[in-house]
Novice: 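One structure, as structure tokens, below. Some questions next.
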Amino acid sequence: MAGESHGPMEQFVIKPLINLQLGGANVSYTNSALFMTLAILGTFALFWVATRHRTMVPSRWQSIAELTYEFVGGMVKDNVGHEGMAYFPFIFTLFMFILFGNVLGLMPYSFTFTSHIIVNASLALFIFVAVTIIGFARHGLHYFSLFCPPGTPLPVAFVLVPIEIMSYFIRPVSLSLRLFANMLAGHVLLKVLAGFVISLGVVFGIVPFAAVFGVTLLEMMVAVIQAYVFALLSCIYLNDAINLH
Amino acid sequence: MPQFDPATFASQIFWLVVSFLALYWVIAKFAIPRVGEILEQRARLIQDDLDRAAALKADTDAAIATYEKAMANARGQARDTLLAAVNAMKKVADDKTAAVNTEITKQIADAEASIAKAKSEAMESIRTIATETAREAVSKLSGMALDATKIDGAVMAALKDAR
């Protein structure tokens, strides 16, 4: 890879590792797929190590697993209620998938699959369609009342309903763009700052190096927060579908 | 930007679906049951301990209640016994006092009777002596032999004055 372009966008290039074709479509196993696999293995390893000894007083790893479980479980229960616990495995998977995608992507020479809009958009669109189906399945045509909260005066409703409909359909866009933009901006910023370290040399390079250090910490925080935000918003949308108002 | 190269979309979506399903399986069949079991076990253990503590507390309360009851019974019995003993002693004391009182009263009455008897005997002998003396004195002084009844009456009057 050395000698190729080293622009800030080079880190997002999809590189096929194993060429595969499926029904005429190119489904090669790429660096993106590799890091998705690592996210699965990482999650499995975390919960395997954490629950290996099963002690009453948890070890550190067991504490991490328990805290994550109770954090996501609490998020689903608080935002969707007890009926929402049926979707707890899905939300938990979503959270772990994005969390590992974001955090693994911060390792040098790694790839961040959540920095690709197609991945985020697929997830967001799936949630949008699933939530809409759940909403109509549970409430029938009454689900349309989501666009007009009860007690809205008629003149206000003429303005409110189009806004509500628009905001409903913008959900998958905002959900996927938020994660995409955060990951993209963070990684570009890191790459650009790291480039300054090289160009300024050993003496003055210390300044952008300190900045890279700080931004890396910030990006760690962003990685966790964005995984949380994605899962939380999915919970809120799910709550609309299950409990309506 | 590599993000907008549609040639990579099919591959990314394909592996996203495969990976997400695999991760869902890991979470739903492996992570959640195992962690959930640990949390449930801990909650059960804590609940068991709390239940046992509550049961022990109930036992303690029952023991305290039994003790209090026994204590109250014993106190009641002791009071009854004491009261009976006091009453019995009082009765004995009363009986003895009454007997002694009767005896004393009788002795006082006897003594009073004998005193009265002695007094009247003494009075009688004083009268006799006084009568004799008066008659002797009168006969010696005047040589008259006075009527016995007259002397008697005078002596009686004099004695009455002396009293």
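Letters A, B, ... mirror the listed sequences (proteins, then strands); counts begin at 1. It should be emphasised that the depicted structure is a prediction, and the values quoted were computed from it without experimental measurement.
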Novice: First locate atom CE of B/Met1, then atom CD1 of A/Ile117, and finally report the distance between them rounded to the nearest 0.5 Å.
Specialist: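 CD1 of A/Ile117 is found 9.0 Å from CE of B/Met1.
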Novice: Can you tell me if B/Trp15 uses its side chain to pair, donor with acceptor, with the backbone of A/Thr30 under 3.5 Å?
Specialist: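 Side chain of B/Trp15 to backbone of A/Thr30: no pair is present.
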Novice: Provide the closest heavy-atom pair for B/Leu23 versus A/Ala39 in the form atom of the first, atom of the second, distance.
Specialist: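 The pair with the smallest heavy-atom distance is CD1-O, 4.4 Å.
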Novice: Below 4.5 Å, heavy atoms only, C-beta onward: do B/Arg42 and A/Pro58 meet side chain to side chain?
Specialist: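 SC-SC contact between B/Arg42 and A/Pro58 confirmed.
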Novice: Measuring from A/Phe88:CZ to B/Ile27:CD1, what's the distance to the nearest 0.5 Å?
Specialist: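 Rounded to the nearest 0.5 Å, the CZ-CD1 separation comes out at 8.5 Å.
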Novice: Using non-hydrogen atoms only, which part of A/Ser115 is less than 4.5 Å away from chain B: side chain, backbone, both, or neither?
Specialist: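 Both parts, backbone and side chain.
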Novice: With a sphere of 6.0 Å drawn around OH of A/Tyr168, does it hold more than 12 non-hydrogen atoms of other residues, nucleotides or ligands?
Specialist: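 Atom OH in A/Tyr168 is packed in, count exceeds 12.
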Novice: As an exercise, state the distance from CG of A/Asn26 to OG of B/Ser11, rounded to the nearest 0.5 Å.
Specialist: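 Here the rounded value is 6.0 Å.
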Novice: Taking every non-hydrogen pair under 4.5 Å, which of A/Val57, A/Leu22, A/Val119, A/Leu41 racks up the most with chain B?
Specialist: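 The residue among A/Val57, A/Leu22, A/Val119, A/Leu41 with the greatest pair count is A/Val119.
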Novice: Any ring-ring contact (aromatic ring centres under 6.0 Å, His included) pairs touching residues 27-66 of chain B, not counting sequence neighbours?
Specialist: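 Output for this query lists A/Phe44-B/Phe30.
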Novice: Chain A heavy atoms under 4.5 Å from B/Ile32: which part of the residue, side chain, backbone, both or neither?
Specialist: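 Interface part for B/Ile32: both.
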Novice: Given that the side chain runs from C-beta out, which part of A/Phe12 has a heavy atom under 4.5 Å from chain B: side chain, backbone, both or neither?
Specialist: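 Both the backbone and the side chain of A/Phe12 come within 4.5 Å of chain B.
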Novice: Hey, could you give me the NE2/CD1 distance between A/His53 and B/Ile38, rounded to the nearest 0.5 Å?
Specialist: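 If I round to the nearest 0.5 Å, the distance is 11.0 Å.
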Novice: Taking A/Leu123, A/Leu20, A/Thr37 one by one, which has the highest count of heavy-atom pairs under 4.5 Å against chain B?
Specialist: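 The answer is A/Leu123.
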Novice: Do B/Val26 and A/Phe47 touch side chain to side chain, with heavy atoms closer than 4.5 Å?
Specialist: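 They are not in side-chain contact.
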Novice: Could you tell me which of A/Thr51, A/Val72, A/Thr55 has the largest number of non-hydrogen atom pairs under 4.5 Å with chain B?
Specialist: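 Answer, by heavy-atom pair count under 4.5 Å with chain B: A/Thr51.
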Novice: In this structure, which one of A/Ile118, A/Leu184, A/Ile14, A/Val13 forms a side chain to side chain contact (heavy atoms under 4.5 Å, CB included) with B/Gln3?
Specialist: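 Exactly one candidate clears the test, A/Leu184.
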Novice: Is B/Leu39 close to chain A through its backbone or its side chain, or both, or neither, when contacts mean heavy atoms under 4.5 Å?
Specialist: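 The side chain, not the backbone.
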Novice: Measure the CG-NE2 distance between B/Asp5 and A/His116 for me, rounded to the nearest 0.5 Å.
Specialist: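 Output value for this atom pair is 9.5 Å.
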Novice: Among B/Phe4, B/Phe14, B/Tyr24, B/Trp25, which residue forms the greatest number of heavy-atom pairs with chain A at distances under 4.5 Å?
Specialist: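 Sorted descending by pairs with chain A, the first entry is B/Tyr24.
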Novice: Is atom CE of B/Met89 surrounded by more than 12 heavy atoms (other residues, nucleotides or ligands) closer than 6.0 Å?
Specialist: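 Incorrect, the count does not exceed 12.
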Novice: Starting at CZ of B/Phe9, measure out to OG of A/Ser122 and round the result to the nearest 0.5 Å.
Specialist: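 The distance works out to 9.0 Å.
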Novice: Quick check on ring pair (Phe, Tyr, Trp, His ring centres under 6.0 Å): which of A/Phe90, A/Phe100, A/Phe126, A/Phe113 does B/Phe20 satisfy it with?
Specialist: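 Output: one option passes, namely A/Phe90.
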Novice: Give the minimum heavy-atom separation between B/Ala22 and A/Ile40, together with the two atoms involved.
Specialist: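 Scanning both residues, the minimum pair turns out to be CB-CD1, 3.8 Å.
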